[in-house]
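Proteins come first, then strands; the chains are lettered A, B, ... in the order of their sequence lines, and each starts at number 1. All of these numbers come straight from a predicted model, not from anything done at the bench.
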Number of protein chains: 2
Amino acid sequence: MTPLRTNATSVAKERLRLWLNMLKAVRHVENDVRERLRAQYQMTLPQFDVMATLHNHPEGLRMSDLSQQLVVSNGNVTGIVERLVADGLAERENLESDRRASLVRVSEKGNALMDEMVVVHREWIDEIFQDISEPDAARAISIMLDIRQRRCA
Amino acid sequence: MTPLRTNATSVAKERLRLWLNMLKAVRHVENDVRERLRAQYQMTLPQFDVMATLHNHPEGLRMSDLSQQLVVSNGNVTGIVERLVADGLAERENLESDRRASLVRVSEKGNALMDEMVVVHREWIDEIFQDISEPDAARAISIMLDIRQRRCA
DNA sequence: GAAGAATACTTTATACCTCAACTGACTCGT
DNA sequence: ACGAGTCAGTTGAGGTATAAAGTATTCTTC
């Protein structure tokens, strides 16, 4: 067994371990946040994700902008926005400039709610991540970016 | 604005940024792996996750062990294992010691497949994570553990 | 300026996923 | 024993998810 091969498999194992731990950590946080959302706001996690994204873009977003921001499929967004509109939390408007597309934005009711929820949500995350120092967070962010920014579709 | 408050909100923002980046990174990797699984093995990601876990425990696992390992709900595992058994990749056996429970393990056919897939999967992850050095991986793993190991239910 | 390619989005089929309620089985105190 | 409480697992309803196919619209290119 050459040292080269040993090192290569050693890195590979560590990367796999990282991946499995990322998965568990994300699910752990998602479960925590999901439960709080349900208990305190009767809202699902995907619905909140969409609302939070819309809240960051008061000018409105297209369906494809949403699916790209959230890294989910196109058809997925259709259903979630449908429910949000039905609940009066979001609105859709046809675009004159491109009749295939439409703009989605938070409704007045949704905006008032999100003004509050965004603050509360940040506090939740702050609590869940309380053991993570600012330098650790910065370091981890940079690693997360490295993972995503690999050349690909 | 006191410096204390400034620092507190600064850390909170960085933690939120970390959370959002973790989410995107995980979805990115999941999408990549999901596509390869579908194209090369006609298997879904959750099914692979279950099979890989079972493959690591040749003696077999109970349903609740599986859901705990994968950080998913109990009812979820029921459906996935159902499909795996239907496809002949896994087997279930009633436990004499506890007639409420049952053991799940990979079938002979599933074992042969997983012997190969586990290696290929590690290569995929190694490729996707190729920009992550071993020290970075180790550091990130420790941060992921910190996130999970906070006291909670 | 019309055929063809590309785009934005929806729809359908299938699989996942949680939660809450439920069934059947174990445990334990009395 | 035996009933209250607990535990392993399933079920059903509702809500995500993806992939693939389909629709309408816009762009492109000659």
Trainee: Closer to the 5' end of DNA chain D via nearest nucleotide, is it A/Gly75 or A/Leu95?
Mentor: A/Gly75
Trainee: In whole angstroms, how far is the C1' atom of D/dG15 from the CE atom of A/Met43?
Mentor: 14 Å
Trainee: Can you check the A/Glu35 CD to C/dC17 P distance for me, whole Å?
Mentor: 19 Å
Trainee: Spell out, as yes or no, whether a donor-acceptor pair under 3.5 Å connects the side chain of A/Asp65 to the backbone of A/Leu61.
Mentor: no
Trainee: Closer than 4.0 Å, any side-chain N/O of A/Arg99 to the OP1 or OP2 of D/dT23?
Mentor: no
Trainee: Does any N or O in the side chain of B/Asp98 come within less than 3.5 Å of the main-chain N or O of B/Arg100, such that one atom is a donor and the other an acceptor?
Mentor: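 At least one qualifying donor-acceptor pair exists.
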Trainee: Within the structure provided, determine whether A/Met63 and A/Ser102 are in side-chain contact (heavy-atom separation under 4.5 Å).
Mentor: yes
Trainee: Would you say a side-chain N or O of B/Thr44 is under 4.0 Å from OP1 or OP2 of D/dT18?
Mentor: no
Trainee: From D/dT10, D/dT18, D/dT16, pick the nucleotide closest to the side chain of A/Ser73?
Mentor: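 Output: D/dT18.
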Trainee: If you look at every strand shown and take non-hydrogen atoms under 4.0 Å, does B/Gly79 touch a base, only sugar-phosphate, or nothing?
Mentor: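 Here B/Gly79 touches no strand at all.
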Trainee: Is there side-chain contact between A/Met144 and A/Met22, with at least one heavy-atom pair below 4.5 Å?
Mentor: yes
Trainee: Between C1' on D/dA17 and CD1 on B/Ile80, what's the gap in Å once rounded to a whole number?
Mentor: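 Between C1' of D/dA17 and CD1 of B/Ile80: 13 Å.
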Trainee: Here's a test of your reading of the structure: between B/Asp98 and A/Arg34, which maps to the more 5' nucleotide of DNA chain C?
Mentor: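 The residue mapped nearer the 5' terminus is A/Arg34.
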Trainee: When the distance from CD of B/Gln68 to C1' of D/dG9 is rounded to whole Å, what number comes out?
Mentor: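 Rounded to the whole Å, the gap is 15 Å.
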Trainee: Just N and O in the side chain of B/Arg92: are any of them under 4.0 Å from OP1 or OP2 of D/dT10?
Mentor: yes
Trainee: Please give, in whole Å, the distance from D/dG9 P to B/Asp65 CG?
Mentor: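 My rounded result for the distance is 8 Å.
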Trainee: Whole angstrom is fine here: how far is it from CG in A/Asp32 over to P in C/dC19?
Mentor: 11 Å
Trainee: Ignoring hydrogens and angles, answer whether the base of C/dC26 and the side-chain atoms of B/Arg100 contain a donor-acceptor pair closer than 3.5 Å.
Mentor: no
Trainee: Identify which nucleotide among D/dT16, D/dA8, C/dC9 has an atom closest to any side-chain atom of A/Arg83, counting heavy atoms from C-beta outward.
Mentor: D/dT16
Trainee: Is the backbone of A/Gln130 close enough, under 3.5 Å, to the side chain of B/Arg15 for a donor and an acceptor to pair up by distance?
Mentor: yes
Trainee: Can you find a side chain N or O atom of A/Arg38 that sits less than 4.0 Å from OP1 or OP2 on C/dA20?
Mentor: yes
Trainee: Are there more than 12 heavy atoms of other residues, nucleotides or ligands under 6.0 Å from atom CD of A/Glu59?
Mentor: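 Buried by this count: over 12 neighbours within 6.0 Å.
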Trainee: OP1, OP2 of D/dA17 versus side-chain N and O of B/Arg27: anything below 4.0 Å?
Mentor: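 No, B/Arg27 has no side-chain N/O under 4.0 Å of OP1/OP2 on D/dA17.
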Trainee: Let me know the distance between CG of B/Asn94 and P of C/dG24, rounded to the nearest Å.
Mentor: 15 Å
Trainee: For A/Asn31 and for A/Glu82, locate the closest nucleotide of DNA chain C by heavy-atom distance; then report the residue assigned to the nucleotide nearer the 5' terminus.
Mentor: A/Glu82
Trainee: Using a heavy-atom cut-off of 4.0 Å across all strands, would you classify B/Ser64 as base, sugar-phosphate, or nothing?
Mentor: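 It contacts sugar-phosphate atoms only.
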Trainee: Mind calculating the distance between CZ (A/Arg62) and P (C/dT7) to the nearest angstrom?
Mentor: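 Answer to the nearest Å: 12 Å.
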Trainee: Under 4.0 Å between a side-chain N or O of A/Asn74 and OP1 or OP2 of C/dC9?
Mentor: no
Trainee: Phosphate oxygens OP1/OP2 of C/dT10: is one of them under 4.0 Å from a side-chain N or O of A/Thr78?
Mentor: yes
